[in-house]
Number of protein chains: 2
Amino acid sequence: MLARVPKRPTLQDVADAVGLAPATVSYALRGERGSDETVARVRAAAARLGYEVNPIAAALASGRSRTVAVLCGSTRDLWQQSLVAALARELMNRGWHAIVADADGHPEREDALLAQLRAQRPAGLLVAPLDPFAEQWEAVASQLPLVAIGDRLSRAPSAGAVVFDNASGVAAVFDHLAELGHRRVAVVLPRRPSTPDRPAERLVAREAKRCRMSVDLVRTPPATADRGEMTAHLAAALAPGPAGTDSPDRPTAAFCLTDSFAFGVLRAARSLDLEVPRDLSVVGFEDVDFADLAGPGLTTVDWGRDAVVGAAVGQLLTALESGRGLEVRTIAPRLVVRGTTGPAPTRR
Amino acid sequence: MLARVPKRPTLQDVADAVGLAPATVSYALRGERGSDETVARVRAAAARLGYEVNPIAAALASGRSRTVAVLCGSTRDLWQQSLVAALARELMNRGWHAIVADADGHPEREDALLAQLRAQRPAGLLVAPLDPFAEQWEAVASQLPLVAIGDRLSRAPSAGAVVFDNASGVAAVFDHLAELGHRRVAVVLPRRPSTPDRPAERLVAREAKRCRMSVDLVRTPPATADRGEMTAHLAAALAPGPAGTDSPDRPTAAFCLTDSFAFGVLRAARSLDLEVPRDLSVVGFEDVDFADLAGPGLTTVDWGRDAVVGAAVGQLLTALESGRGLEVRTIAPRLVVRGTTGPAPTRR
DNA sequence: ATCCCCTAGTGAAGCGCTTCACGCGACTGC
DNA sequence: GCAGTCGCGTGAAGCGCTTCACTAGGGGAT
């Protein structure tokens with residue numbers, strides 16, 4: 001038989017202890033009303049009794065809670081995994097709670113998940129890379145403060161966002177590759193059937209033109225448990241053309257819009273017997289904590305996870321606590337040159 | 001001005017719709033009572049109205065919730081990060097919610113975090129690697145179903161656990177290294193001042209003896225944002241001794257009890273100009289999703305994250321839903337040989 | 001001295017659900 | 001035919017908090 005759970009003190013207990021009404025105690029603890037002296041007495045009594053408000057009761061009574069829902073596209077993606085962990089940590093540190101969900105790579109599940117999350121009556125919502133074009137966001141954002149991370153939600157003007165200055169990031173990458181003499185670069189991006197003409201592609205096209213480079217667009221299936229498919233796909237895209245032609249008849253650099261893809265390219269390169277960076281330069285576009293952990297270190301565009309998390313959580317909580325409005329903030333990325341980029345192989 | 005949030009239907013609304021008492025509806029929706037016909041009618045009405053129970057009100061009234069708190073030592077640890085993400089996903093898929101917190105590497109914060117989590121009145125608790133010897137677990141486990149992951153909580157007999165059969169994992173590693181001719185191995189483990197004589201160390205000592213190998217115990221600071229400290233520490237431990245002595249006067253293999261440490265060793269090796277696996281073999285002891293992502297692929301002991309998550313969540317929810325007791329389950333690890341281990345360098 | 005307003009504090013009504021204790025009719029067994 | 005059961009359904013009491021509407025008293029302005 002389990003020991004009985006010791007009963008926690010309630011607001012009423014504190015009220016009895018100080019000889020005031022529960023309402024007074026409630027106001028005092030939140031510092032909303034009451035004389036300084038009363039507030040002090042109430043706080044002291046609460047501390048003495050070990051009282052803590054029951055957030056569930058508070059949420060029911062007020063219709064609000066100190067809980068934020070975090071929804072992301074897939075925690076199998078390394079960047080998102082690290083992002084979600086950091087978001088949860090930051091929320092916790094600020095005295096809030098996170099309930100997290102991920103669509104696990106199935107965008108069609110988003111609706112159901114969102115409903116499931118909202119059933120918990122979160123005070124706000126943080127959404128990490130999902131389909132930013134979906135119509136639903138408009139309805140959601142009009143009811144619940146929402147901050148998107150990575151992309152502004154084009155259909156939801158009232159939502160806040162923390163976006164990356166992709167233009168400068170992409171420009172930095174192309175400059176870097178151009179300097180190293182690369183003239184043909186594979187751009188690896190996710191295969192997203194639903195959103196044609198993505199800004200990222202236009203950006204890439206523009207920068208490539210500026211640097212006078214040709215681009216192979218490689219649309220890649222997402223990282224699943226079985227990475228074989230992704231690797232094979234990338235290997236096919238990076239393999240040299242028919243023998244006898246000018247070597248290398250293939251991109252000499254790969255620019256991956258996700259670090260997972262970059263790791264995929266590294267695997268593909270190994271399977272093709274291409275040495276990095278001698279035969280192939282590889283650039284990522286995130287900065288998972290461990291991009292520099294293994295091998296020669298991945299050259300990558302660092303999105304500054306901590307800055308992003310700070311901006312997103314800070315913005316949301318400020319809006320929640322002081323009613324200020326949400327806005328779109330831009331975080332400037334930084335190119336981190338490590339070991340996977342080098343001079344383009346010279347033609348023999 | 002925001003559009004008004006459409007009022008959600010309540011239990012009362014459903015009751016009115018079917019002409020029954022709220023109590024009846026409540027029982028019917030949970031399938032606890034009522035004739036089949038009534039249950040069907042109630043369910044139909046609920047579906048028609050788009051009714052969903054308000055989990056907050058339910059939690060307040062019943063003192064229980066479909067929420068599980070997940071507490072871990074540090075989501076900066078790659079394994080734990082991936083574990084937490086998988087736990088949250090699994091819980092969500094089963095219709096439960098996760099609220100997560102991590103001590104961020106500060107065991108002394110655990111108490112406060114636990115209090116913060118428990119204030120949310122979770123139905124159960126999932127704790128990933130933290131100090132399993134702490135006394136507090138006893139009190140916690142006696143009040144709240146708790147499943148530990150990675151270590152059985154020695155002070156809390158009523159807690160469930162999913163543990164790894166470390167003995168067979170460690171044995172496999174030593175066999176593997178012995179077969180490759182290694183005679184001196186560095187064992188890299190976390191620096192945990194408070195828990196002397198850890199079983200892991202005894203295990204290592206026993207297996208080393210069995211395989212007639214000598215061991216350098218390397219206690220390493222945890223992976224912080226600045227990985228320099230860790231790398232330097234490891235480099236010092238792996239550097240050859242004074243020149244002129246029998247070469248290599250250093251461990252020829254490193255066995256890391258955490259994959260983060262393995263990546264640290266890889267960095268240290270690079271800084272020492274040791275080639276892996278020619279000069280130094282490296283074995284990890286986890287299997288973060290991406291141990292095979294970069295470089296030659298890390299030889300590692302695979303803890304089978306999905307099996308672990310399934311066992312932990314399954315056990316906890318079964319206990320919660322059907323009142324069955326908790327138990328200690330053991331997951332057998334698997335040695336995955338990849339590219340970071342090879343024959344010991346021969347003495348010149 | 002009068003009026004008004006402002007502040008501190010309070011009573012009571014919920015928030016939306018669960019659950020206890022009970023009424024009622026139908027069924028069983030003798 | 002009658003007490004004892006059993007299953008269905010219900011009224012009402014909370015769970016612990018917030019918040020509205022209000023009272024009482026203490027200035028300041030007039």
Side-chain angles (χ1 to χ4, degrees), chain A residues 4-43 45-46 49-67 97 118-123 320-321, chain B residues 4-43 45-46 49-67 97 118-123 320-321:
Chain A
R4 201 62 224 113
V5 179
K7 189 178 169 330
R8 292 185 175 230
T10 68
L11 196 64
Q12 182 69 57
D13 297 329
V14 180
D16 291 348
V18 291
L20 289 171
T24 312
V25 174
S26 173
Y27 285 123
L29 286 176
R30 282 171 297 145
E32 276 208 9
R33 282 206 205 171
S35 64
D36 293 352
E37 195 233 318
T38 307
V39 169
R41 256 177 60 222
V42 167
R43 294 240 162 105
L49 296 177
Y51 171 78
E52 292 178 80
V53 311
N54 178 332
I56 301 204
L60 179 60
S62 67
R64 286 177 259 108
S65 70
R66 286 179 78 82
T67 296
H97 287 272
R118 295 185 58 200
Q120 293 279 343
R121 310 293 193 280
L320 253 22
E321 282 164 351
Chain B
R4 199 63 222 113
V5 179
K7 187 174 170 331
R8 293 185 176 231
T10 70
L11 195 63
Q12 184 69 57
D13 296 329
V14 180
D16 292 347
V18 290
L20 290 170
T24 311
V25 173
S26 172
Y27 285 122
L29 285 175
R30 283 171 297 144
E32 276 208 10
R33 282 207 208 171
S35 64
D36 292 354
E37 195 233 316
T38 309
V39 170
R41 256 177 59 222
V42 168
R43 294 242 163 101
L49 296 177
Y51 170 79
E52 292 178 80
V53 311
N54 178 332
I56 300 203
L60 179 61
S62 68
R64 286 177 259 109
S65 69
R66 283 179 79 83
T67 296
H97 287 272
R118 293 186 59 200
Q120 293 280 342
R121 308 295 191 279
L320 252 23
E321 284 165 351

What nitrogen or oxygen pairs link the protein and nucleotides 21-28 of chain D at under 3.5 Å?
residue : atom : partner  : partner atom : Å
dA21(D) : N6   : Arg33(A) : NH2          : 3.4

Any residue meeting salt bridge (charged side-chain N to carboxylate O under 4.0 Å, His left out) with Arg30(A), in chain and number order, not counting sequence neighbours: Glu32(A)
Phosphate contact (dC8(D) OP1 or OP2) by Thr24(B) side-chain N/O below 4.0 Å: no
dC8(D) phosphate, OP1 or OP2, under 4.0 Å from Thr38(B) side-chain N/O: no
Those residues that, when tested against Thr38(A), pass side chain to side chain contact (heavy atoms under 4.5 Å, CB included) (two or more places apart): Leu20(A), Thr24(A), Ser35(A), Val42(A)
Inter-residue atom distance Arg66(B).CZ - Gln120(A).CD, 0.5 Å rounding: 10.0 Å
Residue list, side chain to side chain contact (heavy atoms under 4.5 Å, CB included) with Ala58(A), at least two apart or on another chain: none
Contact summary for Ala17(B) and Leu49(B), nearest pair of heavy atoms: CB-CD1, 4.1 Å
Angle of first-five versus last-five pair axes in the helix from dA1(C)-dT30(D) to dC30(C)-dG1(D), to 10 degrees: 30°
By side chain to side chain contact (heavy atoms under 4.5 Å, CB included) - contacts of Ala61(B) (at least two apart): none
Residue-level proximity of residues 54-67 of chain A to DNA chain D when a heavy atom falls under 4.0 Å: Asn54(A), Ala57(A), Ala58(A), Ala61(A), Ser62(A), Arg64(A)
Within residues 50-65 of chain A or reaching into it, pairs that qualify as side-chain hydrogen bond (donor to acceptor under 3.5 Å, both in side chains) - sequence neighbours excluded: none
Rounded distance in Å - CG (Leu11(B)) to P (dT10(D)): 12 Å
5'-most by nearest nucleotide on DNA chain C - Ala23(B) or Asp36(A): Asp36(A)
Ala21(A) to Ala15(A) - nearest heavy-atom pair and separation: C-CB, 4.0 Å
Nucleotides bounding contact with chain B, strand DNA chain C, heavy-atom threshold 4.0 Å: dG16(C) to dA21(C)
Distance-minimising heavy-atom pair for Leu11(B) and Ser26(B): CD2-CB, 3.9 Å
Least distance between heavy atoms, Val14(B) atom then Ala45(B) atom: CG1-CB, 4.3 Å
Least distance between heavy atoms, Ala57(A) atom then Leu60(B) atom: CB-CD1, 3.7 Å
Heavy-atom pair with the smallest gap, counting every atom of Ile56(A) and Arg121(B): CD1-CB, 3.8 Å
Any residue meeting salt bridge (charged side-chain N to carboxylate O under 4.0 Å, His left out) with Arg43(B), in chain and number order, not counting sequence neighbours: none
Contact residues, residues 13-22 of chain B to DNA chain C [heavy atom, < 4.0 Å]: none
